[in-house]
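Scroll down for the structure; my scribbles are underneath it.
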Amino acid sequence: MLRRILTTSLFFVLALGTAWAADVTLQTDDGVKLHAVYNPVKSATRGVVLVHMAGRSAEDWAFIATKLNQSGVATLAVDLRGHGGNVSPTSSPTTLTEADYQKMQKDVAAAVAHLRKQGVTDVSLM
């Protein structure tokens, strides 16, 4: 019974053209590597870069990403520098400076570039 439910669920996920979330690494134009969660949708031309609040992470967007995927929209939730999967002993939300926050524009630009490389032509930010 459980196998039938799982198989049926997988069929519907594939039929909708959605895929499982994938961890990806982005690189900004200033050389910073960032963790992000990419939720592709087959042949999607619309995509959304999901940007979290200060002190938060890409994980905050899991529910919204799923809903957008069901509507045929690819999503990329990025962990901004010093947040989420990018936290290190020298870079965390508590050690970031105003200059670090200004550089986060580069993080968003890298996320937009990643979606465009996947064939997304209409990119929105959330």
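Index from 1, following the sequence. Values below: every heavy atom of this structure, side chains too, minus hydrogens, waters and symmetry copies. Quick caveat, the model's predicted, so the values are computed rather than measured.
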Verify side chain to side chain contact (heavy atoms under 4.5 Å, CB included) between His35 and Thr25, making sure each step is shown before the conclusion. CA-CA 5 Å; His35 169 261; Thr25 301; over 6 Å; no
Could you walk me through whether Val120 and Thr45 pass the side chain to side chain contact (heavy atoms under 4.5 Å, CB included) test, one step at a time? CA-CA 4 Å; Val120 173; Thr45 58; over 6 Å; no
Does the pair Val49 and Val123 meet the rule for a side chain to side chain contact (heavy atoms under 4.5 Å, CB included), with working shown? CA-CA 7 Å; Val49 173; Val123 179; 4.1 Å; yes
Under the criterion salt bridge (Lys or Arg N to Asp or Glu O under 4.0 Å), I'd like the reasoning laid out for Lys106 against Asp30: C-alpha separation, chi angles, the key distance, then a yes or no. CA-CA 8 Å; Lys106 297 175 184 291; Asp30 62 346; 5.3 Å; no
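Among Thr28, Val51, Leu96, the single residue meeting the side chain to side chain contact (heavy atoms under 4.5 Å, CB included) criterion with Met104 is Leu96.
In this structure, the separation between CG on Leu50 and CG on Leu125 is 9.0 Å, given to the nearest 0.5 Å. Considering OG1 of Thr75 and CG of Leu115, their distance stands at 8.0 Å, rounded to 0.5 Å.
The main-chain N or O of Asp100 is never found under 3.5 Å from a side-chain atom of Arg81 such that the two would form a donor-acceptor pair. Looking at Asn69, its side chain never comes within 3.5 Å of a backbone N or O of Val41 through a donor-acceptor pair. A donor-acceptor pair under 3.5 Å is formed between the side chain of Asp79 and the backbone N or O of Ala58. At distances below 3.5 Å, not a single donor-acceptor pair connects side-chain atoms of Asp122 with backbone N or O atoms of Gly47. Ser71 contributes no side-chain N or O that, together with a main-chain N or O of Val73, makes up a donor-acceptor pair within less than 3.5 Å. Counting only distance, with no hydrogens or angles, the side chain of Asp107 and the backbone of Val78 share no donor-acceptor pair below 3.5 Å.
Cluster membership for Tyr101 and Val32, using ILVMFWY side-chain heavy atoms within less than 4.5 angstrom, is shared. There is no path of hydrophobic side-chain contacts, each under 4.5 Å, that joins Val87 to Leu34. A single hydrophobic cluster is not seen to contain both Val48 and Leu76; linkage of ILVMFWY side chains at heavy-atom distances under 4.5 Å, directly or through other members, places them apart. Under the 4.5 Å side-chain heavy-atom criterion for grouping Ile, Leu, Val, Met, Phe, Trp and Tyr, Val24 is connected to Val108 within one hydrophobic cluster.
Partners of Asp60 under the side chain to side chain donor-acceptor pair (under 3.5 Å) rule, at least two apart in sequence or in another chain, are Arg56.
Within a 6.0 Å radius of CD in Glu59, other residues, nucleotides and ligands contribute 12 heavy atoms or fewer.
The nearest pair of heavy atoms linking Pro40 to Ala74 is CA-CB, 4.3 Å. Listed here is the closest heavy atom pair of Leu26 and Ala36: CD1-CB, 3.9 Å.
Applying the ring pair (Phe, Tyr, Trp, His ring centres under 6.0 Å) test to pairs two or more places apart or on separate chains, those with a residue in residues 43-78 are His52-His83.
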